[in-house]
Amino acid sequence: ARVKCWRVDGDENEGRWELFKDLKFAHSKSVNVLEICGNELWSGGDDHLIKVWDMNHNFKCITTLKEHHGTIMSLRRCDENHLHSGGDDHEIRLWETRTKKCINVLHRHTGYIWEIDVFGDVCVSASLDNSLILWNWKLGEKLVRLEGHVSPVLSVEFMENLEEDINDCVQRGFEEQRIKL
């Protein structure tokens, strides 16, 4: 599978887009997710791999991470030095972006990890087990499991200052075509 990188000349809505890098054979199967960390592009796919590409050196693959045992569905940068990954092995892995080492694994979901979002020290994971889990990712501790969905949770996003009295809100989207707040 390929990763294609595009750039725009001018306004992103009205400008001219051009392909400037085509990473042929980036993964042996479908690429599901991309995340930029500094000068690196991280990619995850159906081949159970996370690849790290150096954007300053012609998108050279600088490492391949093989710790997951299933499809990679989510990559989310936590801060300048850390990134989370999740997938169908039901695990969330915390990576140190400088060393490319896995420094923690969070286990509590019984279904695929579909998406991850981070706000400060809190990470939230959306899963096909019909739940969300909030974690203190720095301590590796589960804070709360949010259940009650009748279908898999496919999307999650922290929202700041939704209303004056709500500073942080988790928006959940899923197959029920409703959002529970």
Side-chain angles (χ1 to χ4, degrees), residues 1-13 15-106 109 111-120 122-128 132-133 135 137 152-159 170-174:
R2 311 172 110 140
V3 173
K4 291 187 176 189
C5 302
W6 300 83
R7 72 173 144 230
V8 64
D9 181 21
D11 179 80
E12 65 184 54
N13 294 322
R16 194 181 103 237
W17 287 86
E18 66 177 327
L19 178 66
F20 75 92
K21 190 64 180 174
D22 185 357
L23 304 174
K24 297 176 183 176
F25 313 111
H27 286 262
S28 62
K29 296 183 178 179
S30 295
V31 177
N32 297 320
V33 62
L34 301 170
E35 184 77 354
I36 293 175
C37 293
N39 297 320
E40 298 172 344
L41 175 68
W42 291 52
S43 62
D46 284 348
D47 56 6
H48 308 184
L49 301 176
I50 297 171
K51 293 194 174 189
V52 183
W53 309 87
D54 186 339
M55 295 188 301
N56 286 341
H57 292 94
N58 202 27
F59 286 84
K60 177 184 176 188
C61 182
I62 54 177
T63 193
T64 300
L65 308 173
K66 302 176 182 179
E67 283 81 349
H68 274 284
H69 305 290
T71 295
I72 311 302
M73 296 305 300
S74 183
L75 294 170
R76 183 65 63 174
R77 186 176 176 178
C78 306
D79 61 22
E80 291 183 18
N81 301 309
H82 300 94
L83 177 133
H84 279 104
S85 61
D88 71 3
D89 58 3
H90 310 183
E91 297 176 343
I92 299 170
R93 292 185 175 270
L94 177 61
W95 301 91
E96 203 286 323
T97 56
R98 186 180 49 79
T99 64
K100 315 300 183 274
K101 300 290 183 200
C102 179
I103 58 174
N104 202 354
V105 182
L106 307 176
H109 281 291
Y112 293 17
I113 309 297
W114 201 260
E115 190 169 21
I116 299 168
D117 198 17
V118 177
F119 182 74
V122 179
C123 164
V124 61
S125 52
S127 174
L128 296 189
L132 294 154
I133 297 179
W135 313 82
W137 67 266
V153 184
L154 303 179
S155 180
V156 64
E157 181 180 352
F158 277 107
M159 298 176 67
V170 178
Q171 175 186 355
R172 296 162 280 175
F174 44 92

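Values reported hereafter were calculated over all heavy atoms of this structure, with side chains retained and with hydrogens, waters and symmetry mates removed. The shown structure was predicted, so the numbers you read here are calculated from the model rather than taken from an experiment.
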**Student:** I need the minimum non-hydrogen distance between Cys102 and Asn104, along with the two atoms involved.
**Tutor:** SG-O, 3.5 Å
**Student:** Roughly how far, to the nearest 0.5 Å, is the CD atom of Glu67 from the NE2 atom of His48?
**Tutor:** 14.0 Å
**Student:** Could you check whether any side-chain heavy atom of Phe158 comes within less than 4.5 Å of a side-chain heavy atom of Val122, counting everything from C-beta outward?
**Tutor:** yes
**Student:** Going by the side chain to side chain donor-acceptor pair (under 3.5 Å) test, name the single residue among Ser155, Ser74, Ser125 that passes it with Glu115.
**Tutor:** Ser155
**Student:** Dump the intermediate steps for side-chain contact (heavy atoms from CB on, under 4.5 Å) on Val31 and Arg2, then the final yes or no.
**Tutor:** CA-CA 7 Å; Val31 177; Arg2 311 172 110 140; over 6 Å; no
**Student:** Report, as yes or no, whether the 6.0 Å neighbourhood of atom CD on Glu18 holds more than 12 heavy atoms from other residues, nucleotides or ligands.
**Tutor:** yes
**Student:** Hey, could you give me the OG/CD1 distance between Ser85 and Ile92, rounded to the nearest 0.5 Å?
**Tutor:** 9.0 Å
**Student:** Do you know the tightest heavy-atom contact between Ile116 and Cys123?
**Tutor:** CG2-SG, 3.5 Å
**Student:** Dump the intermediate steps for side-chain contact (heavy atoms from CB on, under 4.5 Å) on Arg93 and Ile50, then the final yes or no.
**Tutor:** CA-CA 11 Å; Arg93 292 185 175 270; Ile50 297 171; over 6 Å; no
**Student:** What do you reckon, is CZ of Phe20 surrounded by more than 12 foreign heavy atoms closer than 6.0 Å?
**Tutor:** yes
**Student:** Could you grab the distance from atom SG of Cys37 to atom CG of Leu75, nearest 0.5 Å is fine?
**Tutor:** 8.0 Å
**Student:** Hey, is the main chain of Leu83 close enough, under 3.5 Å, to the side chain of Trp137 for a donor-acceptor pair?
**Tutor:** no
**Student:** For Val118 versus Gly120, what's the shortest heavy-atom pair and its separation?
**Tutor:** CG1-O, 3.7 Å
**Student:** With distance as the sole test, does Asp79 use its side chain to make a donor-acceptor pair with the main-chain N or O of Asn81 at under 3.5 Å?
**Tutor:** yes
**Student:** Could you name each residue pair satisfying salt bridge (charged side-chain N to carboxylate O under 4.0 Å, His left out) that touches residues 27-43, not counting sequence neighbours?
**Tutor:** Glu40-Lys100
**Student:** To the nearest 0.5 angstrom, please state how far the CZ atom of Arg7 sits from the CG atom of Leu19.
**Tutor:** 9.0 Å
**Student:** With rounding to the nearest 0.5 Å, note down the distance linking CG in Leu94 to NE2 in His82.
**Tutor:** 5.5 Å
**Student:** Please test Ser127 against Val153 for side-chain contact (heavy atoms from CB on, under 4.5 Å), starting from the C-alpha separation and ending with a verdict.
**Tutor:** CA-CA 5 Å; Ser127 174; Val153 184; 6.0 Å; no
**Student:** Quick one: closest heavy-atom pair of Cys5 and Leu41, and the distance?
**Tutor:** SG-CD2, 4.5 Å
**Student:** Determine whether a donor-acceptor pair (N or O, by modelled atom type, separation under 3.5 Å) exists between the side chain of Asp89 and the backbone of His68.
**Tutor:** no
**Student:** Do any N or O atoms from the side chain of Asn32 and from the backbone of Ile72 form a donor-acceptor pair under 3.5 angstrom?
**Tutor:** yes
**Student:** Is Thr63 reaching over with its side chain to a backbone N or O of Val52, donor-acceptor style, under 3.5 angstrom?
**Tutor:** no
**Student:** Angle class for the Tyr112/His90 ring planes (parallel below 30°, perpendicular above 60°, tilted otherwise)?
**Tutor:** tilted
**Student:** Salt bridge (charged side-chain N to carboxylate O under 4.0 Å, His left out): which pairs involve residues 41-54, sequence neighbours left out?
**Tutor:** none
**Student:** Within a radius of less than 6.0 Å around NZ of Lys21, do more than 12 heavy atoms belonging to other residues, nucleotides or ligands occur?
**Tutor:** yes
**Student:** How far does NE2 of His57 sit from CD1 of Ile62, to the nearest 0.5 angstrom?
**Tutor:** 10.0 Å
**Student:** With a 4.5 Å heavy-atom cut-off, do Trp114 and Leu128 have their side chains touching?
**Tutor:** yes
**Student:** Going through the distances and angles, do Leu65 and Trp42 end up as a side-chain contact (heavy atoms from CB on, under 4.5 Å)?
**Tutor:** CA-CA 10 Å; Leu65 308 173; Trp42 291 52; 3.6 Å; yes
